[in-house]
Amino acid sequence: MAIVFQKPKALKDTPMHYCPGCTHGIAHRLVAEALDELDIEGKTIGIASVGCSYNSYDYFGCDMIQAPHGRAPAVATGVKRSKPDNVVFTYQGDGDLAAIGTAEIVHAAARGEKITVIFINNTIYGMTSGQMAPTTLLNQYSTTTPYGRIADQHGFPINVCEMLATLEGPAYIERVSLHDVKHIKKAKQAVKKAFKVQIANKGFSLVELLSTCPTNWGLSPVESLKRVEDDMIPHYPLGVFKGKDLEV
Amino acid sequence: MAIVFQKPKALKDTPMHYCPGCTHGIAHRLVAEALDELDIEGKTIGIASVGCSYNSYDYFGCDMIQAPHGRAPAVATGVKRSKPDNVVFTYQGDGDLAAIGTAEIVHAAARGEKITVIFINNTIYGMTSGQMAPTTLLNQYSTTTPYGRIADQHGFPINVCEMLATLEGPAYIERVSLHDVKHIKKAKQAVKKAFKVQIANKGFSLVELLSTCPTNWGLSPVESLKRVEDDMIPHYPLGVFKGKDLEV
Amino acid sequence: MVHEVILAGFGGQGILSAGRLLAEAGMLDGNHVSWLPSYGPEMRGGTANCNVVVSKTPVDSPVLNSCNELVIMNKPSLDKFETMVEKGGIVIIDSSIVDRDVKRDDINSFLIPATNIASEMGNMAFANIILLGKLIKERQTVSVENFEKALYAVLSERKHHLIPQEMEALKIGMDYK
Amino acid sequence: MVHEVILAGFGGQGILSAGRLLAEAGMLDGNHVSWLPSYGPEMRGGTANCNVVVSKTPVDSPVLNSCNELVIMNKPSLDKFETMVEKGGIVIIDSSIVDRDVKRDDINSFLIPATNIASEMGNMAFANIILLGKLIKERQTVSVENFEKALYAVLSERKHHLIPQEMEALKIGMDYK
Amino acid sequence: MGQKLLMKGNEAIAEAAIRAGCLHYFGYPITPQTEISHYMAKKLPKVGGVFLQAESEVAAINMVYGSGSTGTRVMTSSSSPGISLKQEGLSYIAGSQIPAVVVNIVRSGPGLGGIQPAQSDYFQSCKGGGHGDYRQIVLAPSSVQELYELTVEAFNLADRYRMVAMIMGDGNLGQMMEVVEFRNEEPIEHYDKQWATVGHENSREQNVVTSIHLNPAVLEKMNLDLQEKYRVIKEKECRYEIYNQDADIFIVAYGIVARIAKSVIEMAKDKGINVGLLRPITLWPFPDQAFDQVIDKAKAFLTVEMSSGQMLEDVKLALNGRKPVYFHGRMGGMVPARDDIMKEIRNIYNLHVKND
Amino acid sequence: MGQKLLMKGNEAIAEAAIRAGCLHYFGYPITPQTEISHYMAKKLPKVGGVFLQAESEVAAINMVYGSGSTGTRVMTSSSSPGISLKQEGLSYIAGSQIPAVVVNIVRSGPGLGGIQPAQSDYFQSCKGGGHGDYRQIVLAPSSVQELYELTVEAFNLADRYRMVAMIMGDGNLGQMMEVVEFRNEEPIEHYDKQWATVGHENSREQNVVTSIHLNPAVLEKMNLDLQEKYRVIKEKECRYEIYNQDADIFIVAYGIVARIAKSVIEMAKDKGINVGLLRPITLWPFPDQAFDQVIDKAKAFLTVEMSSGQMLEDVKLALNGRKPVYFHGRMGGMVPARDDIMKEIRNIYNLHVKND
Amino acid sequence: MAKVTFISEKCKGCELCVNVCPKHIIAMNKQNLNEKGYHPAYVTDMDKCIGCAFCATICPDCVIIVEK
Amino acid sequence: MAKVTFISEKCKGCELCVNVCPKHIIAMNKQNLNEKGYHPAYVTDMDKCIGCAFCATICPDCVIIVEK
Ligand SMILES: Cc1ncc(C[n+]2csc(CCOP(=O)(O)OP(=O)(O)O)c2C)c(N)n1
Ligand SMILES: Cc1ncc(C[n+]2csc(CCOP(=O)(O)OP(=O)(O)O)c2C)c(N)n1
Ligand code: SF4
Ligand code: SF4
Ligand code: SF4
Ligand code: SF4
Ligand code: SF4
Ligand code: SF4
Ligand SMILES: [Mg+2]
Ligand SMILES: [Mg+2]
C-alpha cells in the first residue's frame, strides 16, 4: 500500500489555530501542495497578511514576512523587485485585500507585478470578530451590519476578480471555491497554475478562493460549505477572468 | 445684443493660477456652469484635492474643503453622510484619484456614495513637476520615466472608468474630453448630468475629463490639445460606462 | 473582604458569562465590581478567562496578579492559575474535565463533576453555574437572590425560560458535598 | 568680501540658471559658494528668485535675509527685494521690463535694457547674461574666465554652440554704460 | 445621577458619545476596541444617526474631517496601528481647526505587536505623531465611569477649541466591565459654528476649510494662532488628581496603572511609607502645576507606565531637576504588578526618605 | 577625496545612496524632495538597480519593508505629510528589525501647510510618530556635503543596528546647491544578513520577518531587546559638533539653522559677546553628553529651531534644570534671521553674562 | 484495499469528513475528547474504505492520511 | 451681429482661441505685455465675428465675453 494522501511537506507540523471547519486550512494545504509539486519551497518567500492567517508563517515552511494590514502586495513588490529570481506570494483575506489594501492590490495588478496572490474571500472579517467586509453579501448579518447589509447604507459587495480583470497587468485571475471535494481539486489546479504563471514570468496572478468562516457566520462547518454554494457562488461566479488561454 | 457667453457666476473673479492653456480652467468653468444652471451653488460643498487644483476654492464660489492627497472621496463621504441634503462634489487629478486615492475612490463608488466626482486625467502629476501618473501612457516621458513608461518596469496605465464600471455602486460614469469645442460641449452635458444624478439621489456619479498639461508635457497648448485627440483618446475611449439609460 | 476571582477554562464553556453574572450580582448586592475578560483571537478554540473583583470599597485594580477565588474548567488553566491563589484561597474545579486536584495544601479545593452533572440535567451549558453555586456557598461572593436577578439582567429574553433550571443548577452546586 | 546675491524675475527668464552660473563660476574661482532657489508651484507663471553666496570662507547661511548684490528682471521683484539690499550694495535692473529705478540713495543701481538688447541679438534668453555681465564688471563676483567654463559645465552639450554668443552678451553687459 | 449599568469600557464610550450628541461615527475594526463599532452600528441607525465602516483608518479619519467640517459632532476610534495610519489626517484636522473626537484604545507595539493593553502611544498622541507643530487634547480615563464622563467632555473640548480631543485608554479599560452611572442630562455645550461648510445658501461669504498656505508669512501666522490657542488650553484645561497630597513619595501614573498605584499606596501605608499619587487626566496639556503643589514635601517621584518611559519625559520636564524621578515600566501587554511597584517604592524610600 | 561637484542637496542624497550600494528605491513624489526620485529614476536603471514609483507613501514604505527584509540596501524619501503616512510602516520596520534608510525633507505644516523649509517634524521623527516603544536613528545634516556623507553613514547604521536611519533635512537643504567633494571609495560596511528572507533553499531553517507576538511575555522580551539596542546606540552613536567650546552662551541648533547660528557667533564676537554653537548631528540619539562638556562655563542656552520648540524639550531634558534655556523659533517656512537671533543673544547676555 | 489514518490529536471535530465520505464510514467519537477538547473523527468500518481521499481532501487540518 | 470682448489682463496668451476661431479673426498682440507678462489675444476684425463663442468655450481663463 502506498500513501495517496498526506500533509504536504511545505506545510509544517504545527497544528493550525483556525476554528473547526474553517477552510483557511484547506487553502493553506493547496498552497503547500503547489510549493511541493513545483519544488519551489526553498526559493519561495510568502507574505502573510493581517487577518486570521496573520501567522501563516507558523504553518508554511518557506521564508515569510508578516505584512501590515492590506499592504502585502506592496511588501511582495519590494521583495520581488529585489529578488526577481525568487517566487513570491501573498496570502490575504477579503478585509485585508479588498478594503484597506485596495490601492495596493489594484496597483500591484496594474503593474503586472510578478507575484502570486492567494485571496481568501469569506465575506467577513474573521479575526476581529465578524465585521462586514467589502465582499459581505447584501442582507448578510455581521457585527457591523446588525440589521443586515443594506446597499443604501453600506454599499454593494465588490467583485474583486471582475474589477482587476479590467486591468492590463494581470496575466491570470481565477475564482474557485472550497466548498466540496470537486471544487477543492479545481482550486488546487488554479493555485498551482498561478505559481506557474509567476515562474514563467508571465505577470501578476491571483486566485480568489471562496472560503468559510463558521465562527462568525454562526453556522456549523457543514452548513457553512452549503452557504458558499447556495449564497456566495451566485454572487461570486467561479471561473477564469484573465488568462484563460494562457499555457504555462 | 445679449450676452451669449461669459464667466459663470459660481466661478469667482480671482484669476486662476493654472499655466497658459491648461484645461483645468475649462473644467472649472464647466463645473461652475453646472452649479449655475442647476442653481445649486448655495447648497453645494466642493472638495478640493491635492494637485494643481489644490486651491480650487479660490475659484469656485461654493463652500469648500481642501482634502488630503487622494482622500477627497472619503472627505466627501463624511460631508454627504452628515448633510445628505447638500450637493457634494470632489475635483481630483489622476495622481490624486488613481494612485494614492485608489481605495477611497473604489469604495466611495462601491458604496454608491451620493457624490459627484470630477476627475481630471492629464496623464501626469502636474503640481509636483511631471512625474508619472497611473494614467501615463506607455512610452510617455515623465520626470520619473525619463526613458519613457515601460510596462515591464512601470506597469500599465489604468482605465479608471472601465474599472469602476464593474462595481454596482456607481449610477453614472462617463469619460469626456476637453480637446475641442465640440467635445467641451459634450463634457458640459456630462458634468451637468453627473450633478443631476446626485440631486435625484440615484447614487455615485463620476465624469473623467481628458485634460492637458502643456507645462509638463513640454508641448504648446495647441499641440497639447492635439495630443489628447491623437494619443489619449485611443487609449481612453470616450463614452458612457455606466448609466447610459439613466434619465435624470 | 475583597473577592478577587479568576474563572478559567476553554472558550465556549461559559467562563466569561459566569464571571459577568458574578459582577452583575455583586453590583446588585451594592458592592463595587469589575469584570475583565481575556480577549482577542487567542480565545478561539484556546482558553478563556476573566478577572472579577467584588468589593465593599472601590476597586483599585481590575487586573489581578493574584486571586483568592478560582474557578477552573480545564487542565491548562489549573496549571496556569493554581500558583496565583493567595494562601487560604479557594479553588473550584470541574472534575469531569480536569483530572487532578490542586498541588498546594495552603488553599482549599472543591472538585465537582459539573459537566457530567449538567449533562445529566440535559444541558452541558449549566456546568459553569454549578461551579458558581459551590463558590457562592463557600465564599458568599454574591447573594443567591441577586444572582437570580443577575440572570434576568444578563440573559437575553429568549433565554429567560431557562432561568429556573439555572437556579436549580446553582442549588446543586451549593449542595454538592 | 562675501558676495550675497539675490536674482529675481518672472519664471522663464533664466533667473535660476543665471544664479547657478554664478555659483558654478565662483566654485571654479576657488571660492565657497551656495545657490538656493525659490521652489514649488508658485514659480509657475509667477516669480522666481534665487540666493547665491560666493565667499572666501565657508558659507554660513545660504538663506539670505539681506544681500549686497541684486539682479532684477521684473517689477514685483524690485518692489519685494529693494529693501533687502545692504547699504552700499548694488542693484542691476533690466530696464526693458522694469519701469522704475530704485527708491533708495544708499545703494547703487544700474539700469540696462537687457531684454531689448538680447532681442536685438536675436535671443531673448541672453538678457540674464547681459545683466550678469554688469554685475561681474562692477563687483567681480566671479571671474570672466571661469564664467565661460561655468557655461560649459552647466549647459547641456547641445547648447554649447551658443556659448560664444553668451560670452558676447556678457561683454555687452560689462561694457554697458 | 441616573441609570446605573454594568458596562464594558468600549460600550461606555459609544453610549457617552451618543449622549453627547454625536450621531456620526466613522471607523475601521481593530482589536481591542471593536465593541465601539458594534455598539454604534446597533444604536446609531435607531436614533437617526450614521454608522459607517470605512475602507480603512485613513478613510475613516478623512470622513471625520469631512463630517467635522460641516460642524457635525463626529467620532472615530481605533487602536495603535490604526491610529498611526491616521496621522496625516490628524495633522490636517489640526491645521484646519476642525473639532473631532478620536479614541485610541492602545494595544502593545511596535508593529503588529499584540492586542494586550499598553500605554506606548503617549509620545505619538501627546508630542505629535503627524507632521508639523500641532497638538491635540489627550484625555486619559482610568475607569469605565470616567471613560463615559471624559468622552462627553471630549466633545465639548473639541468644539470649544476646534481641534481633536483624544480619549486614550488601553486594551483592559476598553474590555472590562464596571458600573457606570449615567447623568439624566449631559452638559452639552453649544457653539455657533459659523465656519462650517454647509452651503452658503447665497446668504453669506464662502466658507473654506483648508490647511494650505503657500505664503510662509501667512502660514506662520496660522501657526502662531494655533500656538496661542494651545497656550490658552495649557492654562485652562489641565486636569489631574492628587491623592494623598502630603506624601513623601509620589507615584505618577495615568489610566489603569493609576488604579494599581492606588492599591500600592495602601500597601505602603501598612509598611509606614507615605506614598501619594499624582494622576494626570489630561496628558496634553500635561499638568505641570500639579507637581508644584506637592514638590515641597515630596522627596522623590516614581513614574509607572505600560511603556519604556514616555510620560516620564514630561514628568522630568515638569520637575526640571528639582526632585529625583524614578521609573518602572512594563511593555508588550504586561501590566505592572503591585508587588513590583511596591519594591521600587521601598528602594526609593530607603534612598530618599528613611534617613532624611 | 575625489570629484568635486556643485550639486543640489536632494541629488547629493540620491548620489550618496547609490554610492553606498543602495540600488533599490521606492518613493512617491512630493515637494520639496522630488529631485531624489528624478535622479534615481535616471540613474538606477543604468546601474542595474530598481527605481519604482509607488502608488502612495504607504505603499512605498511597505515596499521598503519587503525589500529590506531580503537584506537589500533600500531607501525611500518623502516630505512631511508623506512621512506621516508612513508611520505604521515605520513602526513595523522597527518591530521587525529591518534596516532601511528614510529621508524626510521637511516642509512646513501642519496639514497640507506649505512647501517651504521647516523643522517641525522633530517630535515625529525623534519621539515616535508611529505606535509603540521604538526609535529610529535621526541624522540632521547641515550642508550638501554632509547630506552626502551622512547618507552613506545612514546605510551603515541601518545595517549595523537593523533599524531605520532617517536623514532629516529641510526644504532649503534639499533644494540648494553647494559643492560636494566625493570620496573615491565609500566606507561601506558589510554584514552577514542571516535573518534575511531570501528563500531557505532547503539548506537552513525558515526565516520569518514579523512584529506580532500575541504572548505578552514574548512581546515584552522583544521590546526589552529593542530597548537594549537603543541603549547601546545612545551610548555609541551620538554625533554632534561643538563650536567655540569656551563660550558663555550656547546656541543649540541643527541643520541649516546651525549655519545661520554660526554667522550670529561672528556678529556677537564683534560685539564682545562670547557665543558658541552646540549642533546635534544625531537628533536621536540626542547627544546629552555634549551639554556636559560645556555646562561649567556656559551661563545659558538658546535653542533656535524652525518650529514651535520641539528639540527644545530634549535640550531641557539634557540640562535638567542646570542652566537656563531660551528659545527662538520661526514657523510656516520662515527661516530665523541672524539679526533676530542676535537680539535674543543680547537679551540673554544682559540677563546672565554681563553682570556676572 | 485502502486505509485511512486519523491523527486524532489534530482533529477539531468539524465533521466535514463525515459529510463527504461516499461510504459513510466516518463518525465522531463522542466518547473521547482529545487534548484540544474536541471529539475526534474516526472510521467505523475500514474495510469499506475505497481510498478515495475525499475525507482527506476536505479536512482543513491535515488530520487524515490515506493509503491504497 | 456679434461682439466679443477680451478681458486682456486675464489672458495668458495660450493661443487656443486663435486656433478655434472659424473666422480666423483672433491674433496675439505681440506689441503688448499684460501685467502677468503675456501677449494678450485680440480680435483683428470684429465685423467678421459670427458670435459662435468657440473662442470663449475653449478659453481656459474666462477671458472672453460674447454678445450677439
Ligand atoms: C491597520 C490595521 N487596521 C486594523 C487591524 C485589525 N484587523 C486585524 S485582522 C482584520 C480583518 C481581517 O479580515 P480578513 O482580511 O477578511 O481576514 P480573515 O480574518 O477573514 O481571514 C482587521 C481589521 C489591524 N491589525 N491593522
Ligand atoms: C500625502 C502627499 N503625498 C504627496 C503629495 C505631493 N503631491 C502634491 S500634488 C501631487 C500630484 C498631483 O497630481 P494630479 O493628481 O494628477 O494633479 P495635477 O497636478 O496633475 O492636476 C502630489 C504627489 C502631497 N501633497 N501629499
Ligand atoms: S474566525 Fe472565521 S476565518 Fe477566522 S479562523 Fe475562525 S472560522 Fe476561520
Ligand atoms: S502644471 Fe500642468 S496641470 Fe498644472 S497648471 Fe500647469 S499645465 Fe495645468
Ligand atoms: S478515503 Fe474515501 S472512503 Fe475512505 S474514509 Fe475517506 S472518504 Fe471515506
Ligand atoms: S475533517 Fe478533519 S478536523 Fe474535521 S472532523 Fe474530520 S478529521 Fe477532524
Ligand atoms: S465668437 Fe466665434 S467668430 Fe467671433 S471671435 Fe469668437 S470664435 Fe471667432
Ligand atoms: S484662449 Fe483665453 S487665455 Fe488663451 S489666448 Fe485666448 S483669450 Fe488668452
Ligand atoms: Mg475575511
Ligand atoms: Mg494629473
Side-chain angles (χ1 to χ4, degrees), chain D residues 2 4-7 16-44 46 48-68 83-84 86 142 146-147 149-156, chain F residues 4-10 30-35 79 105 107-108 112-117 142-146 170-181 243 251 253 255-267 277 304 306 330 333-342:
Chain D
V2 180
E4 299 186 320
V5 196
I6 295 179
L7 305 97
L16 298 188
S17 52
R20 170 83 201 276
L21 285 166
L22 279 185
E24 194 85 27
M27 172 182 80
L28 295 171
D29 284 342
N31 286 320
H32 295 268
V33 298
S34 70
W35 171 85
L36 173 67
S38 63
Y39 58 88
E42 85 278 13
M43 282 175 52
R44 199 171 298 143
N49 70 73
C50 62
N51 299 348
V52 176
V53 181
V54 178
S55 166
K56 293 260 165 271
T57 55
V59 178
D60 283 337
S61 176
V63 185
L64 298 180
N65 295 101
S66 65
C67 66
N68 47 32
T83 54
M84 286 173 64
E86 287 160 17
V142 301
N146 282 323
F147 188 86
K149 288 201 186 132
L151 282 168
Y152 281 96
V154 170
L155 297 186
S156 66
Chain F
K4 262 183 161 182
L5 281 176
L6 188 65
M7 223 176 185
K8 267 201 167 191
N10 284 333
I30 186 168
T31 311
Q33 62 78 54
T34 40
E35 292 85 359
S79 178
I105 300 299
R107 55 190 256 181
S108 40
L112 194 46
I115 55 173
Q116 297 305 318
S142 74
S143 67
V144 177
Q145 178 71 27
E146 222 179 26
D170 66 74
N172 279 351
L173 213 45
Q175 292 297 324
M176 72 193 237
M177 279 187 154
E178 285 190 314
V179 177
V180 197
E181 191 169 356
Y243 182 81
I251 298 177
I256 207 143
V257 180
R259 293 173 64 161
I260 300 171
K262 275 200 187 161
S263 60
V264 173
I265 293 175
E266 299 311 308
M267 287 169 80
L277 170 68
V304 184
M306 294 195 288
R330 296 301 301 268
M334 302 298 282
V335 177
R338 337 176 225 223
D339 292 347
D340 293 339
I341 303 175
M342 189 58 220

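Values below: every heavy atom of this structure, side chains too, minus hydrogens, waters and symmetry copies. Owing to the predicted nature of the structure, the values given are computational and were not obtained by experimental measurement. Letters A, B, ... mirror the listed sequences (proteins, then strands); counts begin at 1.
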> What part of F:Ile265 gets closer than 4.5 Å to chain D, counting heavy atoms only: side chain, backbone, both or neither?
Replying inline: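 Neither the backbone nor the side chain of F:Ile265 comes within 4.5 Å of chain D.
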
> Where does F:Ile256 contact chain D at under 4.5 Å (heavy atoms): side chain, backbone, both or neither?
Replying inline: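 Only the side chain of F:Ile256 comes within 4.5 Å of chain D.
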
>> Tell me whether F:Thr34 contacts the main-chain N or O of F:Thr31 through its side chain, where contact means a donor paired with an acceptor under 3.5 Å.
In response: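 No; judged by distance alone, with no hydrogens or angles, the pair does not exist.
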
>> For chain D, which candidate among F:Glu266, F:Met177, F:Glu178 shows the most heavy-atom pairs at distances under 4.5 Å?
In response: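 Among F:Glu266, F:Met177, F:Glu178, the one with the most close pairs to chain D is F:Met177.
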
> Hey, which of D:Ala153, D:Ser61, D:Pro62, D:Cys50 has the most heavy atom pairs under 4.5 Å with chain F?
Replying inline: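 Heavy-atom pairs under 4.5 Å are most numerous for D:Pro62.
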
>> Please rank D:Pro58, D:Pro37, D:Gly19 by heavy-atom pairs under 4.5 Å with chain F and give me the top one.
In response: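 Most heavy-atom pairs within the cutoff with chain F belong to D:Pro37.
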
>> Under 4.5 Å from any heavy atom of chain F, what part of D:Val33 do you find: side chain, backbone, both or neither?
In response: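 Its backbone and side chain both get close to chain F.
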
>> Taking side chain as everything from C-beta outward and backbone as N, CA, C, O, which of these in D:Val53 sits under 4.5 Å from a heavy atom of chain F? Side chain, backbone, both or neither.
In response: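 Nothing of D:Val53, per the 4.5 Å heavy-atom cut-off to chain F.
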
> Will you find, in the side chains of D:Glu86 and D:Ser66, an N or O donor that is under 3.5 Å from an N or O acceptor?
Replying inline: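 Per modelled atom types, D:Glu86 and D:Ser66 side chains form a pair under 3.5 Å.
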
> So does D:Asp60 pair up with F:Arg338, basic N to acidic O under 4.0 Å?
Replying inline: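 No, no charged N to carboxylate O under 4.0 Å.
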
> Do D:Arg20 and D:Glu24 meet the salt-bridge criterion of a basic N to acidic O distance under 4.0 Å?
Replying inline: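 Yes, D:Glu24 and D:Arg20 are salt-bridged.
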
>> Could you walk me through whether F:Lys8 and F:Gln175 satisfy the side chain to side chain contact (heavy atoms under 4.5 Å, CB included) test, starting with their C-alpha distance in whole Å, then the side-chain angles of each, then the deciding distance to 0.1 Å, before giving a yes or no?
In response: CA-CA 6 Å; F:Lys8 267 201 167 191; F:Gln175 292 297 324; 2.8 Å; yes

> Are D:Val59 and F:Arg259 close enough, and set up right, to give a side chain to side chain contact (heavy atoms under 4.5 Å, CB included), and what steps lead you there?
Replying inline: CA-CA 8 Å; D:Val59 178; F:Arg259 293 173 64 161; 3.9 Å; yes

